[in-house]
Amino acid sequence: MSFKDSKVVIIGVGNVGATTAYSILNQGICEEVVLIDVNKEKAIAEAMDMQHSIYFMNRNMSIKAGDYSDCRDADVVVITASAPMPKDSHNRLEMLSPSMKIIKNIVESVMSNGFDGVFVVISNPVDIMAYYIWKLSRLPKNRIIGTGTTLDTARLCCELSKMYNLDAKSVEAFVMAEHGDSEMVSWASATIGGNRASASKALCN
């Protein structure tokens, strides 16, 4: 997608959705950002705050609150909406059933408005939701992108960098498999400061 006339729609304007929107604005990734949320007033308020912040940026961008009709000419739809984690639980799979109902309604609304772009999925449980959105949307599988274990990988690299007093970018280690209790670290391929032996030492410690 080129910057000119490029458009990203973000569905779900909680902490993750709002942070995603602000990051897009801050990096100047596209020309237009649209926020959609069941709480319309919150979407409007977030959009207004961010539109005002653009005044201080060297950006020719716009952001607004919108609705599903805005998905018609969107290049990317980012879905962050999901059911809340059950109280006193850390198992993302417990969010599955209620989240599927939310996601089904969202995807059907997006697709009925003629969307033909790329879905980026952040909603938990993210791997299952990405697969579900692929099935619901009937778009090619390379147009459904789940965030998977990218955040887990970033957290791992940051924690290892603290152990060695290094910049996190000097650490290369990957969390693999499903984002959840079944994920694992690929220690065999990890390097710290370019040294694979250091990664093995970190594991032993």
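Values in this document were obtained by computation on a predicted structure and should not be read as measured data.
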Examine distances only and state if a side-chain atom of [X] and a backbone atom of [Y] form a donor-acceptor pair shorter than 3.5 Å.
X      : Y      : result
Thr149 : His179 : no
Glu183 : Ala177 : no
Thr153 : Val175 : yes
Thr19  : Val16  : no
Lys40  : Gly66  : yes

Is there a continuous path of hydrophobic side-chain contacts, each under 4.5 Å between heavy atoms, that joins [X] to [Y]?
X      : Y      : value
Ile79  : Val38  : no
Val126 : Leu139 : yes
Val185 : Met176 : no
Leu151 : Leu156 : no
Leu96  : Val121 : yes

Could you measure the distance from the [atom1] atom of [X] to the [atom2] atom of [Y]? Nearest 0.5 Å is fine.
X      : Y      : atom1 : atom2 : answer
Ile29  : Met61  : CD1   : CE    : 7.5 Å
Lys135 : Lys104 : NZ    : NZ    : 15.0 Å
Asp67  : Asn113 : CG    : CG    : 7.5 Å
Asp75  : Cys30  : CG    : SG    : 8.0 Å
Met129 : Ile122 : CE    : CD1   : 14.0 Å
Ser123 : Met100 : OG    : CE    : 13.0 Å

Might you point out which heavy atoms bring [X] and [Y] nearest each other, and give the distance in Å?
X      : Y      : result
Arg59  : Leu25  : NE-O, 3.1 Å
Ser109 : Asn105 : OG-O, 2.8 Å
Cys71  : Ile36  : SG-CD1, 4.3 Å
Ala21  : Leu35  : CB-CD2, 3.8 Å
Ala190 : Ala173 : CB-CB, 3.8 Å
Ile63  : Ala47  : CG2-O, 3.6 Å

Mind checking whether [X] and [Y] have side chains closer than 4.5 Å, heavy atoms only?
X      : Y      : value
Val110 : Val9   : no
Ile102 : Pro98  : no
Leu136 : Met111 : no
Ser99  : Tyr132 : no
Ile128 : Glu178 : yes

- Item | Asp49 and Ser53: CA distance, side-chain angles, deciding distance, side chain to side chain contact (heavy atoms under 4.5 Å, CB included) verdict | CA-CA 6 Å; Asp49 282 348; Ser53 73; over 6 Å; no

- Between Lys64 and Asp70, is a side chain to side chain contact (heavy atoms under 4.5 Å, CB included) present by the stated rule, with each step listed? CA-CA 10 Å; Lys64 68 174 186 178; Asp70 287 291; 3.3 Å; yes

- Message: Would Val120 and Thr20 count as a side chain to side chain contact (heavy atoms under 4.5 Å, CB included) here? Give the steps.
- Response: CA-CA 11 Å; Val120 175; Thr20 300; over 6 Å; no

- Item | CG/Asn142: more than 12 non-hydrogen atoms of other groups inside 6.0 Å | yes

- Message: Is it true that, when you exclude Met48 itself, more than 12 heavy atoms of the residues, nucleotides or ligands shown sit nearer than 6.0 Å to its CE?
- Response: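 Atom CE in Met48 is not crowded, with 12 or fewer foreign heavy atoms closer than 6.0 Å.
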
- Item | Electrostatic pair Arg155-Glu159, nearest N-O below 4.0 angstrom |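 No.
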
- Query: So, are Arg143 and Asp116 salt-bridged, with charged N and O less than 4.0 Å apart?
  - Reply: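 Looking at Asp116 together with Arg143, the answer is yes, because their closest N to O distance falls below 4.0 Å.
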
